[in-house]
Trainee: 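Dropping a structure here in structure tokens format, bear with me for questions.
Order of appearance sets the numbers: ligands from 1, and atoms from 1 within every ligand.
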Amino acid sequence: MTESAIPEHLTVERTRPVRTPDGFTPPSPSFVARPPLDQRQVVMAYLGVQAEDPVAELPPEALAGDAAPRHVDRALVPSDDPGRAPGDAVVVAYWDDPEAFDHWLATHRRAWLDGPGGRWLEVIRPRVERYETITGRRSRPEGVAHLAQGYSDQVLEHAYWGSMRDRMPASQDEDLDDPGHLEVERDGDVVRVRPTGSVCLIRSGQDWSDTAGDERERYLTDIEPRLREGMDFLHEEGPDVGCWSNRYLTVLDDDGAPVERTFGLGWWRTMADLERWSESHPSHLAIFDSFVKLVAEQRGTTIRLYHEVSVAHPDECLFEYARCHDRTGLLRAL
Ligand code: HEM
């Protein structure tokens with residue numbers, strides 16, 4: 001059964017066009033996470049630390065107890081400068097209750113920003129109509145899918161350019177692109193960056209832990225190097241194509257050791273900029289082509305891909321950097 005990526009309870013009369021080709025049948029199945037009926041808004045918070053031993057600084061106690069997030073991942077961004085070891089350790093936390101998050105922030109924000117080393121906070125709270133997440137597999141949810149009540153059946157809106165926008169409920173009747181610029185405000189040692197328009201966030205993940213033999217070899221020698229090039233391009237030259245910040249993170253296990261899962265994390269000026277890059281830039285097309293070729297040759301894949309994309313209004317964002325180097329997050333684009 002193929003169904004729409006937009007759940008029934010978020011379906012409204014469409015006033016804006018879709019790009020689904022006439023009579024389209026996707027070549028392979030993909031699934032979207034279904035939010036519970038009472039979910040209104042979610043919070044996605046990235047907390048980063050720059051220190052001698054950044055992983056040791058990640059805050060286990062702040063993420064438990066009252067107002068704790070519903071799901072947490074830990075990850076590491078390797079340093080892009082050999083003279084500046086060892087990169088940023090990051091906690092990714094998800095709430096489905098914005099009030100619980102407000103309570104958490106009021107309790108922990110100051111202690112987090114005042115902790116040793118450089119500290120940063122990047123947060124958005126998109127309404128349920130303004131995020132979407134898709135995966136090739138329904139087992140082992142990732143990221144915001146941990147807040148879902150389950151998965152759809154195979155969806156129609158994927159495997160063509162523009163399908164990301166078509167999956168997002170708000171695209172039925174809203175223009176999601178609201179290009180703005182970044183404003184800066186200083187408060188002691190905290191630099192606060194405020195986008196003047198809506199911003200688009202993508203977390204695009206890869207899990208090759210199930211691969212073996214030829215497929216594993218191909219992932220590691222053909223696909224991953226291209227992915228790394230794409231991520232490097234966006235980190236170095238992103239602002240020229242509308243990407244304000246891009247990181248390529250490796251997920252850590254509970255002991256802080258890297259696992260065979262990575263994700264690209266990009267803050268974009270608009271979804272239109274992200275679409276333009278994914279659809280036309282040689283760096284994403286190279287990643288895309290090497291993956292599609294592998295799937296065709298092997299008649300399937302055990303590489304697990306997912307992505308989540310959100311668009312948030314300026315008042316649904318918070319970007320704060322305390323004592324961070326000037327290539328950190330949105331500071332990079334100032
Ligand atoms: C879409 C491959 C990493 C951005 C796609 C699609 C494939 C693909 C096959 C079409 C999916 C569908 O609609 O069914 C890959 C592979 C990756 C990778 C194999 C890594 C191994 C990334 C990263 C980003 C990214 C890191 C950005 C941070 C996008 C976007 C789309 C897309 C925005 C949706 C385009 C649209 O629907 O308009 N990618 N990708 N991809 N990819 Fe990637």
Trainee: Give the atom numbers and elements of ligand 1 that come within less than 4.0 Å of a heavy atom of Tyr160.
Mentor: 37 (O)
Trainee: Quick one: which of Met271, Gln206, Arg276 has a heavy atom closest to atom 21 (C) of ligand 1?
Mentor: Gln206
Trainee: Parallel, tilted or perpendicular: which one describes the rings of Tyr219 and Trp208, with boundaries at 30° and 60°?
Mentor: parallel
Trainee: How far is atom 28 (C) of ligand 1 from the closest protein heavy atom, and which atom is that?
Mentor: Ile202 CG2, 3.7 Å
Trainee: Please list the nearest protein heavy atom to atom 27 (C) of ligand 1 with its residue and the distance rounded to 0.1 Å.
Mentor: Trp277 CZ3, 3.7 Å
Trainee: For atom 34 (C) of ligand 1, which of Met231, Arg203, Met164 has the closest heavy atom?
Mentor: Met164
Trainee: Which is closest to atom 17 (C) of ligand 1 by heavy-atom distance: Leu227, Ile287, Leu201, Leu234?
Mentor: Ile287
Trainee: Between Glu122 and Arg247 (salt bridge meaning N to carboxylate O under 4.0 Å), is one present in this structure?
Mentor: yes
Trainee: When you measure from atom 22 (C) of ligand 1 to every protein heavy atom, which one gives the shortest distance, and what is it?
Mentor: Ser204 OG, 3.2 Å
Trainee: Salt bridge check: are Asp210 and Arg140 linked by an N-O gap of less than 4.0 Å?
Mentor: yes
Trainee: Taking only heavy atoms of Ile223 into account, list the atoms of ligand 1 that are under 4.0 Å away from them.
Mentor: 21 (C)
Trainee: Within the 4.0 Å heavy-atom shell around Leu274, which atoms of ligand 1 are there?
Mentor: 33 (C)
Trainee: Please write down residue, atom name and distance for the protein heavy atom closest to atom 35 (C) of ligand 1.
Mentor: Ser278 OG, 3.5 Å
Trainee: Just by distance, with hydrogens left out, do Gln172 and Thr15 show a side-chain donor and acceptor under 3.5 Å apart?
Mentor: no
Trainee: Is there a heavy atom of Gly266 sitting under 4.0 angstrom from any atom of ligand 1?
Mentor: no
Trainee: Taking the basic N atoms (NZ, or NE/NH1/NH2) and the acidic carboxylate oxygens, is any pair closer than 4.0 Å for Asp166 and Arg19?
Mentor: no
Trainee: For the residue pair Arg203 and Phe263, would you count it as a cation-pi contact if the rule is NZ or CZ under 6.0 angstrom from the ring centre and within 45 degrees of the ring axis?
Mentor: yes
Trainee: At a 4.0 Å threshold, what atoms of ligand 1 neighbour a non-hydrogen atom of Ala159?
Mentor: 12 (C), 13 (O), 14 (O)
Trainee: Taking the cut-offs as 6.0 angstrom to the six-membered ring centre and 45 degrees off its axis, would you call Arg138 and Tyr151 a cation-pi pair?
Mentor: no
Trainee: Among Glu275, Arg247, Arg228, His284, which one has a heavy atom closest to atom 43 (Fe) of ligand 1?
Mentor: His284
Trainee: Among all protein heavy atoms in this structure, tell me which lies nearest to atom 38 (O) of ligand 1, with the distance rounded to 0.1 Å.
Mentor: Gly162 N, 2.8 Å
Trainee: Report the residue from Trp244, Trp120, Trp267 that forms a ring-ring contact (aromatic ring centres under 6.0 Å, His included) with Phe319.
Mentor: Trp267
Trainee: Are side-chain N/O atoms of Glu229 and Ser283 paired as donor and acceptor at under 3.5 Å?
Mentor: no
Trainee: Flag Asn246 as yes when one of its N or O atoms lies below 3.5 Å from any N or O atom of ligand 1, and as no otherwise.
Mentor: no
Trainee: Select one of side chain, backbone, both or neither to describe which atoms of Phe291 lie under 4.0 Å from any atom of ligand 1, heavy atoms only.
Mentor: side chain
Trainee: Could you label the plane-to-plane angle of the Trp277 and His284 rings as parallel, tilted or perpendicular, counting under 30° as parallel and over 60° as perpendicular?
Mentor: tilted
Trainee: Among protein heavy atoms, which sits nearest to atom 10 (C) of ligand 1, and what does the distance come to when rounded to 0.1 Å?
Mentor: Phe288 CE1, 3.8 Å
Trainee: Could you tell me if the side chain of Leu121 sits less than 4.5 Å from the side chain of Tyr46, heavy atoms only?
Mentor: no
Trainee: Specify the protein heavy atom at minimum distance from atom 14 (O) of ligand 1: its residue, its atom name, and the distance to 0.1 Å.
Mentor: His158 ND1, 2.7 Å
Trainee: Is the Trp104 ring parallel, tilted or perpendicular to the Phe101 ring (thresholds 30°, 60°)?
Mentor: parallel
Trainee: If we set the cut-off at 4.0 Å for heavy atoms, which region of Glu279 has an atom near ligand 1: side chain, backbone, both, or neither?
Mentor: neither
